[in-house]
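Reviewing the structure listed below.
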Number of protein chains: 2
Amino acid sequence: MTTADPAPQRRMRADARRNYERLLAEAATIFAEHGVEASLEEIARRAGVANGTLYSHFPTRQALLEALLRDRMRTLSDTARDLLDHPSVDEALIIWARAAMAHTTVYRGLTTSLMRSIEDESSQLHAACQAVLTAGEQLLNRAQAAGTVRTDATASDLYALINAAAWAGEQTSPAQGERLLSFGIDGMRSATDS
Amino acid sequence: MTTADPAPQRRMRADARRNYERLLAEAATIFAEHGVEASLEEIARRAGVANGTLYSHFPTRQALLEALLRDRMRTLSDTARDLLDHPSVDEALIIWARAAMAHTTVYRGLTTSLMRSIEDESSQLHAACQAVLTAGEQLLNRAQAAGTVRTDATASDLYALINAAAWAGEQTSPAQGERLLSFGIDGMRSATDS
DNA sequence: AAATATATTGAGACAGTCTCAACTTGGCAA
DNA sequence: TTGCCAAGTTGAGACTGTCTCAATATATTT
């Protein structure tokens with residue numbers, strides 16, 4: 001696993017780069033431990049820098065999340081593309097949905113950020129979320145073309161379903177999240193076209 | 001609409017009762033405006049009392065919510081009981097689920113509180129949530145007995161589904177919440193019994 | 001008109017977000 | 001090698017918010 005590059009910026013000064021990496025590493029640990037609402041102050045403290053440094057690298061919590069999730073979200077999009085070749089359109093869809101849900105589950109509270117970011121174009125996470133949504137859309141369209149998924153379900157519905165199921169799983173148990181996802185996808189398949 | 005009685009307490013002093021009512025009224029307004037994470041300080045300020053007074057009446061945010069939602073949640077349970085006489089078991093279930101979702105939607109952020117409270121027995125909202133869950137269970141069991149809902153769906157699944165759909169609706173649009181609920185319920189109906 | 005149980009007050013301890021003027025320091029050019 | 005300056009860091013400080021509790025005030029009872 002290579003460390004994420006700092007956006008499309010010019011070369012950073014050595015100390016800046018060091019702090020950037022350090023912050024990212026501590027953020028990963030602390031978010032994993034306390035969820036995405038964890039104190040940014042503590043991340044800075046644990047990284048051994050002043051909080052102003054954190055804010056200068058990551059102006060918002062979402063910018064930090066974006067840097068942390070960039071690779072993973074790209075992978076998720078790639079996975080969707082790969083699954084377009086899967087022999088079973090239905091299976092491809094459910095496999096991807098489960099993978100997406102697993103991704104959404106790495107940090108507690110992430111679902112809310114991801115859901116909010118798809119709506120909020122000014123969010124630093126927006127582009128990444130949009131890419132994931134679009135990736136899912138390919139699989140959904142393919143299933144609809146094959147006639148196994150009702151045509152009134154949208155990519156946005158799929159995205160919302162994945163996040164809602166992940167959210168529920170986060171509140172109660174992962175197993176319940178899985179179950180909700182299954183119900184939802186089954187419901188999207190049910191014959192009753194409106 | 002009668003005002004909620006302050007729990008099963010003895011008689012309160014006149015000024016205390018006045019403040020209690022005032023706090024409840026302001027809380028309703030402010031929660032409606034800013035969601036359930038609104039500042040308690042502001043509620044106290046707008047009610048014209050010191051914040052200590054708010055805390056003495058409602059030791060936690062959930063205690064305040066409980067007082068605010070008590071009637072409505074009781075009604076929801078009653079509605080479920082009434083619907084047990086509905087000619088269509090399926091329709092009864094979906095009607096109630098929609099009503100429950102509407103209830104969950106009165107304040108932004110409520111879904112999270114309600115979902116957390118079903119798990120957390122020490123929450124002041126726990127009992128009320130449990131009552132709602134049990135009410136839904138009756139309708140679910142009836143549908144399962146009638147053979148229209150798969151038997152591996154639990155009352156907890158139904159509760160989670162309603163809240164998850166409401167949550168999604170809260171993040172994007174109410175219409176999407178409705179759609180997710182439909183998909184979920186349809187999925188619970190689908191033949192594939194495991 | 002006390003006496004007393006009941007309520008209210010608001011300052012204060014604490015934790016968190018975010019900003020910005022003052023300071024450091026890395027890296028380049030002479 | 002030196003010195004300069006753009007780039008980076010610092011941390012105090014202005015906020016907003018939660019929650020507590022000793023001091024104070026007030027309703028009710030006798």
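In what follows, chains carry the letters A, B, and so on, assigned in the order in which the sequence lines appear, proteins first and then strands, with residues in each chain numbered from 1.
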Exercise. Any link between L69(A) and I118(A) through a network of hydrophobic side chains (Ile, Leu, Val, Met, Phe, Trp, Tyr) touching at under 4.5 Å?
Worked result: yes
Problem set entry | Contact interval (first through last nucleotide) of DNA chain C with protein chain B, 4.0 Å heavy-atom | dA5(C) to dA11(C)
Exercise. Nearest-Å distance, NE2 (H57(A)) to C1' (dT9(D))?
Worked result: 9 Å
Problem set entry | Nearest-angstrom distance from the residue atom CZ of R45(B) to P of dG17(D) | 7 Å
Exercise. Quick one: do D15(A) and R18(A) make a salt bridge, cutoff under 4.0 Å?
Worked result: no
Exercise. Should the pair R98(B)-E178(B) be classified as a salt bridge under the 4.0 Å nitrogen-to-oxygen rule?
Worked result: yes
For this session: Find which nucleotide of DNA chain D each of G52(B) and D15(B) is nearest to by heavy atoms, and output the residue with the more 5' nucleotide.
Result: G52(B)
For this session: Quick one: label T53(A) by what it contacts on the DNA or RNA (base, sugar-phosphate, nothing), any heavy atom closer than 4.0 Å.
Result: base
Exercise. Roughly how many Å is it from CE in M12(A) to P in dG8(D), rounded to a whole number?
Worked result: 6 Å
Exercise. Tell me: CG of N19(A) to C1' of dT10(D), nearest whole Å?
Worked result: 11 Å
Problem set entry | Test side-chain hydrogen bond (donor to acceptor under 3.5 Å, both in side chains) applied to S122(A) and D120(A), step by step | CA-CA 5 Å; S122(A) 72; D120(A) 176 7; 2.7 Å; yes
Exercise. Between the base of dA27(D) and the side chain of R13(B), is there a donor-acceptor distance below 3.5 Å?
Worked result: no
Exercise. What is the distance, rounded to the nearest whole Å, between atom CG of L54(A) and atom C1' of dT10(D)?
Worked result: 13 Å
Exercise. When the distance from CD of E41(A) to C1' of dG17(D) is rounded to whole Å, what number comes out?
Worked result: 14 Å
For this session: Check the hydrophobic clustering (I, L, V, M, F, W, Y; side-chain heavy atoms under 4.5 Å; chains of links allowed) and say if V106(A) and L114(A) are grouped together.
Result: yes
For this session: With heavy atoms under 4.0 Å as the rule, sort N51(B) into base, sugar-phosphate or nothing.
Result: base
Seminar exercise, completed: L40(A) CG to dT16(D) C1', in whole Å, measures 16 Å
Exercise. Does E26(A) come within less than 4.0 Å of R46(A), counting only side-chain N to carboxylate O?
Worked result: yes
Exercise. How is R61(B) classified with respect to the nucleic acid when contacts are heavy atoms under 4.0 Å: base, sugar-phosphate, or nothing?
Worked result: sugar-phosphate
Problem set entry | Rounded interatomic separation in angstrom, taking CZ from R18(A) and P from dA7(D) | 18 Å
Exercise. Does L181(B) share a hydrophobic cluster with I95(B), counting links as ILVMFWY side-chain heavy atoms below 4.5 Å and allowing steps through other members?
Worked result: yes
